[in-house]
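To keep things clear, I will list the structure first and then write my remarks on it.
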Amino acid sequence: MNWNHVRAIAGADLRRLFKSKDYWIPLLIMASLFFVIIPLIMLAVIGQFENTAFADQVSSVVGNLPAQVSDAARGDTPLARASYIAAVFLLAPIAIIVPVTISAAVGSNAIVGERERGTGEFLAHSPVTMRELYVGKLIASLVPGYLALLIGFAAYALVVNLMVGPDLGGWFFPTVGWVVLILWVIPPFIAVSLTIILRISARVRSAASAQQASSLVTLPIIMLSYAVSVSVVVSPGRSAFLIGASSWLVAILLSVRGAKKLRRERLLGVASET
Amino acid sequence: MTSQMESAIQFGSVSKSFGTVRAVEDLNFEAPVGAVTVLLGPNGAGKTTTVRLTTGALVADRGDIEVLGLHPKINGDEIRRRVGIVPPKPAFYDQLTGWENLQFAARIFGSDERSALDAAERFEIDHALLQEVGGYSTGMRTRLALTRSVLHDPEILLLDEPTAGLDPESSRNVLELIRELAGRGRTIVLCTHLLHEAEGIADQIVLMSNGHARISGSPEALTGRYLADPVVLFDAEDRGALNSLPDRHGVVSVSWNGAVHATLSDHDMLPDLIADLVRDGVRLTRVEPITPSLEELYFAMQRSDPEDPS
């Protein structure tokens with residue numbers, strides 16, 4: 001594999017993406033919403049209800065949570081514990097939606113977009129192998145989602161630490177579970193969804209069809225990712241490592257298979273007519 | 001065919017279908033090394049499919065293809081490294097500048113950026129390289145496509161309708177650039193449906209229709225085959241004196257179109273014919289052998305071919 005080709009393909013796609021404000025501004029708004037605005041509002045709302053009947057309700061909810069969650073919750077007061085649980089177990093897993101959605105949006109257009117623009121003709125006549133093209137597109141789709149996750153996660157950590165940290169005796173986020181999730185589990189999950197989305201992008205006739213089809217794929221993956229995220233955050237031990245490892249394995253197998261399936265004719269837009 | 005010359009591209013009984021549509025069928029042709037081969041034919045003749053088969057972007061259903069002694073199906077990547085192409089509608093990443101597009105192509109072909117800049121200067125697009133390609137005119141895009149096609153110094157250039165959508169002046173400039181490239185010894189395959197485009201450029205013409213190569217050969221050989229009788233234009237101080245031309249020895253036919261166009265049975269008859277006219281007191285003001293245009297040749301080839309390419 002010629003990594004210069006892979007770098008060139010991924011680099012050109014990323015450069016185009018960062019130059020297209022119409023594309024990344026909505027994604028930036030979505031990321032801000034999930035990583036900053038919603039947590040800010042929710043944590044502020046929880047903080048407002050101290051010494052009221054709401055505190056009793058929260059206390060009762062925390063008491064009824066699974067032992068692993070309620071045991072992990074820090075804080076001396078029921079509301080501090082509720083804020084901790086909201087910050088670590090409830091709000092943060094929602095953020096998994098952001099990287100998967102961003103990467104899916106980029107990936108769905110990756111191959112069909114080349115065909116629609118006509119730039120696929122150049123690639124089809126170039127010495128780039130289909131494997132190099134596939135890996136380049138995979139990287140170009142994965143990077144924006146993962147980058148958004150890292151930046152958003154940093155912003156989220158800042159928000160929750162500033163809002164809830166004083167009640168918990170200092171900065172508490174990210175927890176070990178979250179570090180494992182961000183570095184080990186989420187990347188292969190995004191990659192798995194992208195392998196499927198790239199396959200769709202290579203087969204459909206228009207970018208609109210690719211987006212429709214990829215949203216169908218993205219939804220179950222987001223749901224699965226959410227469940228896995230909660231599980232990893234609650235129990236960041238051996239099982240989290242195994243979940244990550246098996247996700248990486250699936251991602252690699254699907255990538256190899258996807259690269260083999262990609263045909264040069266698809267870039268010209270004639271294969272779908274055969 | 002040009003069997004005496006070494007071939008850069010050889011197609012032997014090649015067929016390619018898309019579903020029920022036969023794009024290329026039993027196609028045979030050769031493109032000699034260092035020559036300009038023009039694939040001439042109407043839209044849908046199979047020219048673009050032929051180009052795509054040459055680089056291995058498409059795989060033939062049947063037949064043998066050899067490019068620079070290699071087989072596209074087996075050595076596609078090697079062929080694509082040594083071939084440059086200008087597609088019919090050159091496309092670029094519009095959000096990127098001309099220079100960023102060329103850098104991308106240079107990385108793909110393993111060329112250095114200096115080569116890209118040199119090529120841009122040669123095709124006079126260097127002044128616009130810092131603009132986004134989305135703002136380029138059709139002519140500028142074609143120039144950038146030509147730049148991109150040669151920056152890796154390819155041995156073969158495939159130009160598929162390179163003047164499509166260009167104004168006459170830009171078309172002429174592009175054709176001059178192609179002549180310049182041909183002068184540098186590149187093997188060039190030019191696909192066109194425009195007869196005037198091939199005029200004066202073609203070393204070899206392949207007339208295509210319905211996926212077949214109907215006729216091929218050098219313009220001179222084809223002229224000899226399809227327009228065997230030479231035509232000479234005559235004019236005189238007294239045009240009435242030329243009325244006797246049809247009755248003179250060696251004159252096959254005569255047509256009046258301002259001056260007189262006489263078709264002779266043999267070019268060697270011309271000196272005797274001029275001498276006879278002068279002896280008879282005809283004061284000739286113009287005697288000009290007419291080189292048949294490609295258009296005349298094209299229609300003569302069509303007339304002689306049982307299958308009408310149009």
Side-chain angles (χ1 to χ4, degrees), chain A residues 1-25 106 109-133 135-137 140 205 207 262-274, chain B residues 16-21 23 48-49 51-59 61 72-73 75-97 100-111 132-134 141 144-145 148-149 152 154 156-158 160:
Chain A
M1 179 132 64
N2 184 334
W3 286 99
N4 283 333
H5 289 172
V6 174
R7 270 199 296 271
I9 289 162
D13 273 16
L14 289 171
R15 198 173 287 183
R16 275 191 309 114
L17 192 70
F18 291 120
K19 279 191 173 189
S20 307
K21 286 181 186 166
D22 293 349
Y23 196 82
W24 60 259
I25 285 180
V106 179
N109 200 33
I111 294 167
V112 73
E114 296 285 357
R115 190 160 67 224
E116 280 197 338
R117 278 190 304 272
T119 43
E121 181 97 26
F122 169 75
L123 290 170
H125 294 292
S126 77
V128 169
T129 64
M130 290 302 96
R131 195 160 55 145
E132 290 159 1
L133 179 73
V135 174
K137 293 290 180 188
R205 293 184 181 207
L262 185 59
R263 288 157 59 203
R264 204 165 280 273
E265 296 99 295
R266 300 263 178 220
L267 296 168
L268 302 167
V270 292
S272 56
E273 291 152 23
T274 60
Chain B
K16 176 71 184 174
S17 298
F18 300 108
T20 55
V21 179
T48 298
T49 303
V51 166
R52 289 170 167 181
L53 288 166
T54 303
T55 64
L58 287 178
V59 178
D61 300 331
K73 199 173 175 180
N75 316 102
D77 291 336
E78 173 65 16
I79 290 171
R80 287 186 284 274
R81 249 190 292 277
R82 295 164 67 181
V83 172
I85 183 163
V86 176
K89 288 177 189 164
F92 298 92
Y93 297 120
D94 284 355
Q95 299 97 328
L96 302 188
T97 63
E100 286 169 332
N101 272 284
L102 290 183
Q103 276 181 317
F104 172 67
R107 280 178 200 144
I108 294 292
F109 282 100
S111 311
E132 285 188 2
V133 176
R141 292 176 89 91
L144 192 65
R148 185 173 66 178
S149 71
H152 58 296
I156 297 176
L157 259 175
L158 305 170
D160 193 354

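Numbered from 1 within each chain, the chains take letters A, B, ... in sequence-line order. Owing to the predicted nature of the structure, the values given are computational and were not obtained by experimental measurement.
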### Message
If you apply the rule side-chain contact (heavy atoms from CB on, under 4.5 Å), what do you find for H125(A) with V83(B), and how did you get there?
### Response
CA-CA 8 Å; H125(A) 294 292; V83(B) 172; over 6 Å; no
### Task
State plainly whether the residues R264(A) and D77(B) are in salt-bridge range, i.e. N to O under 4.0 Å.
yes
### Part of E132(A) within contact of chain B (heavy atom distance under 4.5 Å)
neither
## Note on the structure
Residue from R107(B), E132(B), E100(B) scoring the most non-hydrogen pairs under 4.5 Å with chain A is E100(B)
### Summary
The interface call for T49(B) against chain A, heavy-atom contacts under 4.5 Å, is neither
### Task
Would you please go through residues 84-92 of chain B and name the residues with a non-hydrogen atom below 4.5 Å from one of chain A, in numerical order?
I85(B), P87(B), A91(B), F92(B)
#### Entry: Reported CZ-to-CG distance for the pair F104(B) and L123(A), which is rounded to 0.5 angstrom
5.0 Å
### Task
Starting at CZ of R15(A), measure out to OH of Y93(B) and round the result to the nearest 0.5 Å.
12.0 Å
### Message
Checking an interface table here. Which of residues 16-25 of chain A come within a heavy-atom distance under 4.5 Å of chain B?
### Response
R16(A), K19(A), S20(A)
### Task
Quick one: which residue pairs count as a salt bridge (charged side-chain N to carboxylate O under 4.0 Å, His left out) with a foot in residues 2-11 of chain A, not counting sequence neighbours?
none
### Residue R148(B) versus chain A: region with a heavy atom under 4.5 Å
side chain
### Message
If we define contacts as heavy-atom pairs under 4.5 Å, which of L158(B), I108(B), T55(B) has the most with chain A?
### Response
I108(B)
### Query
For A105(B), is it the side chain, the backbone, both, or neither that has a heavy atom closer than 4.5 Å to a heavy atom of chain A?
both
### Summary
Closest heavy-atom pair, R80(B) versus P127(A), reported as atoms and distance to 0.1 Å, is CB-N, 3.9 Å
### Task
Mind ranking S126(A), A124(A), A12(A), G118(A) by heavy-atom pairs under 4.5 Å with chain B and telling me who comes out on top?
S126(A)
#### Entry: Contact origin within E78(B) toward chain A - heavy atom pairs under 4.5 Å
neither
#### Entry: Check ion pair E265(A)-R52(B) (N to O, under 4.0 angstrom)
no
### Summary
Taken in chain and number order and not counting sequence neighbours, the residues that satisfy side-chain contact (heavy atoms from CB on, under 4.5 Å) with S111(B) are A106(B), F109(B), L151(B), H152(B)
